[in-house]
Asker: 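This is the structure I have questions about; it appears just below.
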Amino acid sequence: MLNENASNLKQHLKTLHADLASTGEVDAELKDLLRQLDGDIKTLLDRRMAEDAGVDAEETTTYGLAERSQEITAKFAAKHPRLEPALRELGTILANMGI
């Protein structure tokens with residue numbers, strides 16, 4: 001189940017990156033928030049894959065990624081309504097993974 005969720009999440013992140021690139025100008029604060037969220041998600045996925053493989057992974061704090069995603073979605077909604085559904089779906093995926 002984790003591999004399916006992780007694969008779905010990775011694909012969704014790729015799509016979101018492409019959507020952001022095609023949107024044009026995104027303000028610096030939101031870019032930084034998304035970059036940080038993306039890095040945290042990748043760290044979490046790497047850690048979970050290592051744990052599944054039986055490797056001790058470095059402990060990292062990823063608490064609240066779904067909530068942070070929802071906060072970013074709210075900020076994006078007004079300026080970039082076309083991206084809002086993709087960001088909302090990202091939050092849903094994270095929440096369903098228990099993140």
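Keep in mind the model is a prediction, meaning the values are calculated, not measured.
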Asker: How many angstroms lie between CG in Asn8 and CD in Glu89, if you round to the nearest 0.5 Å?
Answerer: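 If I round to the nearest 0.5 Å, the distance is 7.0 Å.
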
Asker: Regarding Lys42 and Asp38, does a basic nitrogen lie under 4.0 Å from an acidic carboxylate oxygen?
Answerer: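 A salt bridge is present here (some side-chain N lies under 4.0 Å from a carboxylate O).
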
Asker: Passes side-chain contact (heavy atoms from CB on, under 4.5 Å), Asp32 versus Gln36? Steps please.
Answerer: CA-CA 6 Å; Asp32 288 342; Gln36 182 181 7; over 6 Å; no

Asker: Hey, what do you get for CG (Leu16) to NE2 (His12), rounding to the nearest 0.5 Å?
Answerer: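 One finds 6.0 Å between CG of Leu16 and NE2 of His12.
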
Asker: Minimum heavy-atom separation for Gly91 to Ser69, with atom names?
Answerer: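 Minimum heavy-atom separation between Gly91 and Ser69: N-OG, 3.3 Å.
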
Asker: Are Leu33 and Glu71 close enough that some pair of their side-chain heavy atoms sits under 4.5 Å apart?
Answerer: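 No - every pair of side-chain heavy atoms lies 4.5 Å or more apart.
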
Asker: If you measure from CG on Asp40 to CG on Leu94, what distance do you get to the nearest 0.5 Å?
Answerer: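 If I round to the nearest 0.5 Å, the distance is 10.5 Å.
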
Asker: Name the residue from Leu13, Leu90, Leu87 that meets the side chain to side chain contact (heavy atoms under 4.5 Å, CB included) definition with Leu34.
Answerer: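 Testing Leu34 for a side chain to side chain contact (heavy atoms under 4.5 Å, CB included) against Leu13, Leu90, Leu87 leaves exactly one candidate, Leu87.
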
Asker: What are the two closest heavy atoms between Thr73 and Arg88, and how far apart are they?
Answerer: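 What the structure gives for the nearest pair is OG1-N, 3.6 Å.
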
